[in-house]
Asks: 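Sharing a structure, written as C-alpha cells. Questions coming.
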Amino acid sequence: MKFWKVLGYIMLVAFTVFSILGAIFLFGRGFYELSVTLFVLIFLIDFFILNRNAYPYRYMIPALILLFILVLYPIAFTIRTAFTNYGTGHIMTRQEVVERLLVDPIYTYIVPDSSPLTYSVYVRFEGTQPTNDFKVIVSIGSDYYVAREYRVLKSEAGQLILGEAELIKLNESGLSLERQNGKIELIRDNGKIFRYFYNPEDSETYINEDYFKYSILFPIMSKIEFVDSNSSRFAIRQNEEGKFLMYNIRHLYKLGLAETIEKGKSIVKTVLINTITNRPLIEENGTFYDINEKGEKVVVAGYISYYGLKNFTRIFTDPTVSGPFAKIFVWNFTWAALSVLFTFVIGLILALVLNNPNLRGRAIYRSLLIIPWAIPAFISVLVWKNGFFNETYGILNKFIITQLFGKEPIRWFNDPFWAKVAVLTVNTWLGFPYMMVVSLGALQSIPEDYYEAAAIDGANKWQRFWKITFPLLMTTVAPLLVGSFAFNFNNFVNIYLLTGGGPAMPNTTTPAGSTDILISYTYKLAFEGGRGQDFGFASAISIIIFFIVGTLSFINFRLSGSFEEVNR
C-alpha cells in the first residue's frame, strides 16, 4: 500500500514539474492565456489530490482538464485576439518579424557590379549513392577557399532558415586533396571522402544537377551564407539565365539607432534600417513600411499588435463593413425567428391532426413524418440543393416552374430573395418533425377534463384551442422555442452547405453574402476571406454572438423556471 502511495506521489511530482516547465515555455513563446490556464490547472489538480478535504473533487479532474483546455482557454484566446490585428500579414510576433527581416535570405541583395564566383561541390557517397554531406570550394581571385561546417543561425520547426559557414584558404585547411589534370577530384577529411560532384560552369557535371538542386541546394546550401576573412558574405543566387551562381550579397535590413517622434517627444530608439537607402523603416499599426524611389510607403511585413477597440468600432464606422454587417445582423434574427415560426406552426398543425384518436394509421403517419429529422441534415441539404434547387436540372425549375407554369427558371442561388426562400424552406423541412414531436407530447399531457368542461360551457373548437390548448401548450413549449431560436441563430451547417452564404453582397470589403448569418460570416472572415484571413475581426464578431446567445439562454432559463427556487 505504501509502495503505491509513494509511486503516486512521485508521478504527481513528475507531472507537476513537467507541466510547470511546459507552462513556462509557453509563456516565453507568447502563449500567455494557455500558460496561465495551465498554471491554474496544475494548482487545482495538486490541491484536490493533496488536500484531504477536497477528496471528492478528485473525480472531477478529467472534466476539469477538458473544461480548461477546451472551453476556458478558447474563450480567453478569442477575447485576446479580438483586440489585436491577428490575421493574414500579421501572423508572427514583432520579435519574430524583426528576426526574419534580419536573417531570412529573401531579404538580401546582390552587391552591385559584383561578379559571380566559381564554386565546386564535393559530395560524400554511401556505396554508389550520393548523400547531402558536402564540401564547397570557392575561387576568389587567384585564391581557393573551402567552407567549414556550417552553423545554424536560425531555424523553425527543424527547418533551416539561415546558416553561416566560414571560408578559409584551401592550403591552410589541413585537408588532403587528390588532383587529376590540375583539377581537384577528391577531398579527404577525418576519414570521410568527398568526390567532385557539381560545378555550374562544368557541363560534365550537369548530369548531377537535379540531385544537387533538390537534395543539397534548395534545402541547405541556398540558406547558407559563406563569410571570408574580410567579413564579406557570399551566397548562391539564380541569375537571369537560370544558373545558380555564387555572388557577394548583403542583407537589406540591419538594426540601428534613429531619432523618432512619439507622442510629441523626440526619442532615440533601435529601428530597422534599409542598408541601400540608409533610411529607417516606418512602423505603424503593427506593420513595417519602407520608402521606395517615388517616396511612397511600401509594406514590408506585419506583426501581431494590440488593436484596441478598432475591430469593434470598425463594425459601426467603416461603411463597407457596417452596411453588410447590419444586413447580416437583421437577416440573422429574421432567419432564426422565421425558422422557429414555420417549423412550430407546421409541427403544431401536424401534431393536432395526429393527436386525433379517430385518425386511422397514426403510427404510420408519425413514422413517415419523422423521417426528415432522422436523416442526417447534411444529406438532406445536399439533396435539396442538387435535386430541387439546381437552376438547370433541378425538379422545381425543370418540371414545375418552366413546364407546368411556363415561367422563367428561378435563380435560387443567384438572387438574394430566392436564396433566402430556399434556406428557409430547407430549414423548415428539417425542423418541423422536432416541433411536431414536442407539440404532440405536450398535447397528450393536457387532461381531457378541461375540454369536457369547456364543451359543457358551450365553447367551440377555436375557443377551446385558444383558451385551453395553446396556453397549456406554451408552458411546455415556450422554453424549447427559445432554445430553437438560439440553435437556428448559429445554424452554420445548413446555410453553408446550401448557399455558402451567397449570393455575394456588392460594395463590401469583407466576404459577406446575402444569406450569411453572423456565424457563417465569422467563418468566412477567419478562413475564407478573399483578401486574407482576419482572425481579429472574426473574434470580435464571435464575442458579439456570444453575448446574443448568452442573453437568449438567460431568457430560456427564465422561461423554463430554472430560477424559481432561487427567487423563493
Side-chain angles (χ1 to χ4, degrees), residues 100 103-110 114-140 143-171 173-228 232-249 251:
R100 185 169 287 273
V103 305
D104 198 315
I106 295 175
Y107 300 104
T108 58
Y109 63 94
I110 298 173
S114 63
S115 300
L117 306 179
T118 300
Y119 69 93
S120 300
V121 178
Y122 296 77
V123 171
R124 182 176 63 83
F125 282 73
E126 290 183 354
T128 59
Q129 295 296 319
T131 68
N132 59 2
D133 190 4
F134 63 92
K135 292 283 186 183
V136 179
I137 291 181
V138 183
S139 172
I140 304 177
D143 295 323
Y144 286 91
Y145 295 79
V146 65
R148 292 184 184 272
E149 294 288 337
Y150 72 89
R151 59 190 182 95
V152 177
L153 297 181
K154 178 69 175 177
S155 64
E156 286 183 6
Q159 298 295 318
L160 178 66
I161 300 297
L162 179 66
E164 186 178 88
E166 182 185 358
L167 292 175
I168 58 174
K169 287 188 176 182
L170 188 59
N171 56 10
S173 64
L175 298 175
S176 176
L177 309 175
E178 290 188 12
R179 301 176 185 269
Q180 185 176 352
N181 298 326
K183 184 169 60 177
I184 300 173
E185 292 288 340
L186 187 143
I187 300 175
R188 297 179 186 274
D189 181 21
N190 295 326
K192 293 182 180 181
I193 298 176
F194 298 85
R195 301 182 185 279
Y196 180 56
F197 191 74
Y198 181 76
N199 185 314
E201 305 296 335
D202 187 353
S203 59
E204 294 181 1
T205 64
Y206 287 176
I207 191 173
N208 300 323
E209 188 173 30
D210 286 345
Y211 185 90
F212 167 71
K213 286 181 180 179
Y214 298 107
S215 296
I216 297 176
L217 178 63
F218 294 151
I220 304 173
M221 197 171 169
S222 63
K223 302 171 184 178
I224 298 175
E225 295 180 0
F226 302 90
V227 185
D228 66 7
S232 297
R233 293 182 174 271
F234 305 90
I236 306 294
R237 296 292 182 265
Q238 190 175 22
N239 67 3
E240 295 178 354
E241 299 175 358
K243 289 186 177 181
F244 292 92
L245 304 177
M246 185 174 289
Y247 291 93
N248 185 198
I249 59 112
H251 283 269

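We number each residue from 1, following the sequence as shown.
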Asks: Hey, could you give me each pair passing ring-ring contact (aromatic ring centres under 6.0 Å, His included) that has a residue in residues 114-139? Not counting sequence neighbours.
Replies: Y122-Y196
Asks: What's the separation between atom CD1 in I236 and atom CD1 in I249, rounded to the nearest 0.5 Å?
Replies: 10.5 Å
Asks: Locate the shortest heavy-atom distance separating K223 from P105; write the atom from each residue and the value.
Replies: CA-CG, 4.2 Å
Asks: Assess the side chains of N132 and S215: does a donor N or O sit below 3.5 Å from an acceptor N or O?
Replies: no
Asks: For R151, is there an ion pair with E166 - N to carboxylate O distance below 4.0 angstrom?
Replies: no
Asks: Side chains of R233 and E164: does their closest heavy-atom pair fall under 4.5 Å?
Replies: yes
Asks: Do E201 and K243 pass the side chain to side chain contact (heavy atoms under 4.5 Å, CB included) test, and can you show the C-alpha distance, the side-chain angles, and the key distance before you say yes or no?
Replies: CA-CA 9 Å; E201 305 296 335; K243 289 186 177 181; 4.2 Å; yes
Asks: What is the minimum heavy-atom distance between S155 and I161, and which atoms define it?
Replies: CA-CG1, 3.8 Å
Asks: Give, for atom OH of Y145 and atom CD1 of I137, the distance between the pair rounded to the nearest 0.5 Å.
Replies: 13.5 Å
Asks: Looking at Y211, I want to see if its OH is surrounded by more than 12 non-hydrogen atoms of other residues, nucleotides or ligands under 6.0 Å.
Replies: yes
Asks: CD1 of I184 to CD of Q180: how many Å apart, nearest 0.5 Å?
Replies: 12.5 Å
Asks: Taking it one step at a time, do V146 and I168 satisfy side chain to side chain contact (heavy atoms under 4.5 Å, CB included)?
Replies: CA-CA 6 Å; V146 65; I168 58 174; 3.8 Å; yes
Asks: Starting from the C-alpha separation in whole Å, work towards a yes-or-no answer on side chain to side chain contact (heavy atoms under 4.5 Å, CB included) for N239 and E241.
Replies: CA-CA 5 Å; N239 67 3; E241 299 175 358; 3.7 Å; yes
Asks: Please report the interatomic distance CG(L167) to CD1(I140), rounded to the nearest 0.5 Å.
Replies: 5.5 Å
Asks: Would you name the heavy atoms of Y107 and R100 that are closest together and state the gap between them?
Replies: CD1-O, 3.6 Å
Asks: Mark yes or no for whether S176, through its side chain, and R188, through its backbone, hold a donor-acceptor pair below 3.5 Å.
Replies: no
Asks: Donor-acceptor check, side chain of N181 to backbone of K183, threshold 3.5 angstrom: yes or no?
Replies: no
Asks: Assess the residue pair Y198 and V123 against the criterion (side chain to side chain contact (heavy atoms under 4.5 Å, CB included)); give the C-alpha distance rounded to whole Å, side-chain angles, the decisive distance to 0.1 Å, and a yes or no.
Replies: CA-CA 9 Å; Y198 181 76; V123 171; over 6 Å; no
Asks: Measuring from atom CG of L162 to atom NE2 of H251, what distance do you get when rounded to the nearest 0.5 angstrom?
Replies: 5.5 Å
Asks: Please report the closest heavy-atom contact between P219 and K213, naming both atoms and the distance.
Replies: CD-O, 3.9 Å
Asks: Distance check, rounded to the nearest 0.5 Å: D143 atom CG versus L170 atom CG?
Replies: 10.0 Å
Asks: Quick one, M221 and F226 - any side-chain contact, counting heavy atoms below 4.5 Å?
Replies: yes
Asks: Check F194 against R124 and note the closest heavy-atom contact, atom names and distance.
Replies: CD2-N, 3.6 Å
Asks: Heavy atoms, side chains only, cut-off 4.5 Å: are Q159 and K154 in contact?
Replies: no
Asks: Do V138 and F234 have side chains that approach each other closer than 4.5 Å (heavy atoms only, starting at C-beta)?
Replies: no
Asks: Which atom names give the shortest non-hydrogen contact between Y247 and S115, and what distance separates them?
Replies: CD2-C, 4.4 Å
